[in-house]
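To keep things clear, I will list the structure first and then write my remarks on it.
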Amino acid sequence: LFVPNDLGPEAEFEASPQQGHYLMHVLRLCEGAEILLFNGRDGEWSAAIAAKSKKAVRLKVLALQRPQPPLPNLIYCFAPLKQGRLDYLVQKAVEMGAGVLQPVITQHTQVAKPGIERLRANVVEAAEQCGILAVPEVREAEKFERLLAGWGKERRLIFCDEDASTNNPLPALQAVREKKFGLLVGPEGGFSDEERRMLRVLPFVTAIPLGPRILRADTAAVAALAVIQATVGD
Ligand code: SAH
């Protein structure tokens with residue numbers, strides 16, 4: 001269970017109403033039952049249900065189970081899609097090793113102001129589901145030009161480009177090991193010609209092809225994330 005509280009021996013606090021309901025009425029746990037908690041900072045701790053009443057469930061932190069791992073190196077840059085598809089995209093990015101989620105507003109992006117709080121809630125839910133303790137960071141949306149201008153020169157940006165020649169991206173991918181690097185996937189309408197031109201001239205950008213067919217943005221995202229996990233694995 002993800003909790004915002006500080007986790008340490010003997011800490012005690014109340015679960016949120018939703019979590020209380022989940023513990024009491026879905027899992028049907030009773031007092032003394034043990035659960036695992038994480039907050040994305042202090043690792044994973046065991047905790048016991050100290051007391052329960054109609055309204056609230058009190059938790060008592062017991063012992064450290066797993067130390068806090070670092071965030072993966074991947075900075076996942078994506079043009080926000082319409083809500084349902086965006087929820088899916090965010091969930092897959094967490095499962096497939098994104099350490100930071102960076103919404104990018106390009107010329108053809110459909111959703112100019114994605115709901116960051118909703119993205120953060122989706123990230124926590126995905127982290128709980130896939131059992132990771134490092135909760136990816138969701139940054140405020142950034143304009144495409146600012147992203148490129150601010151991209152640290154020492155960081156490589158992998159750009160999913162349906163027009164990329166079939167150059168083998170693996171050497172560039174191998175070069176990113178142990179360093180922070182980015183993956184950039186375009187919106188449903190694709191990058192504009194001007195954006196593509198900008199990407200192609202930057203020395204720190206590597207275009208990767210994902211086959212000869214036009215993929216939907218969320219398909220391309222999962223495919224590119226899989227290529228990265230298969231080569232860099234982080
Ligand atoms: N440009 C296409 C659709 C873009 S699909 C059109 O206008 O119909 C959305 C994004 O998925 C693209 O911006 C690109 O980042 C990625 N993508 C789609 N198909 C791809 C492929 N075959 N190879 C690499 N990336 C692809």
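Both backbone and side-chain heavy atoms feed into the values below; hydrogens, waters and symmetry mates do not. This chain uses plain numbering: 1 for the first residue, then up along the sequence. One-based numbering, in listed order, for ligands and for the atoms of each.
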- Modelled atom types, side-chain donor and acceptor of Asp87 and Gln83, under 3.5 Å: yes
| At the 4.0 Å heavy-atom cut-off, does Leu184 count as touching ligand 1? | no
Margin query: Could you check whether any heavy atom of Pro187 sits closer than 4.0 Å to an atom of ligand 1, since that is the contact criterion I want to use?
Written below: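 Yes, Pro187 has heavy atoms under 4.0 Å from ligand 1.
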- Task: Evaluate the ring planes of Phe78 and Tyr76, with Trp represented by its six-membered ring, and classify them as parallel (under 30°), tilted (30 to 60°) or perpendicular (over 60°).
- Result: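 Ring orientation of Phe78 relative to Tyr76: parallel.
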Which ligand 1 atoms does [X] reach within 4.0 Å, using its non-hydrogen atoms?
X: Ile214; value: 2 (C), 3 (C), 19 (N)
X: Arg213; value: 19 (N), 21 (C), 22 (N)
X: Gly189; value: 7 (O)
X: Gly190; value: 1 (N), 4 (C), 13 (O)
X: Ile208; value: 24 (C)

Restricting to heavy atoms, the pick from His108, Glu162, Glu195 nearest atom 26 (C) of ligand 1 would be Glu162
Checklist entry - Does any N or O in the side chain of Thr109 come within less than 3.5 Å of the main-chain N or O of Val111, such that one atom is a donor and the other an acceptor? => result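 No, the answer is negative, given that no donor and acceptor are paired below the 3.5 Å cut-off.
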- Task: Report yes if some heavy atom in the side chain of Phe181 is under 4.5 Å from a heavy atom in the side chain of Leu74; otherwise report no.
- Result: yes
- prompt: Got a sec, which residues hit side-chain hydrogen bond (donor to acceptor under 3.5 Å, both in side chains) with Asn5, two or more places apart in sequence or on another chain?
  reply: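 Here no residue qualifies.
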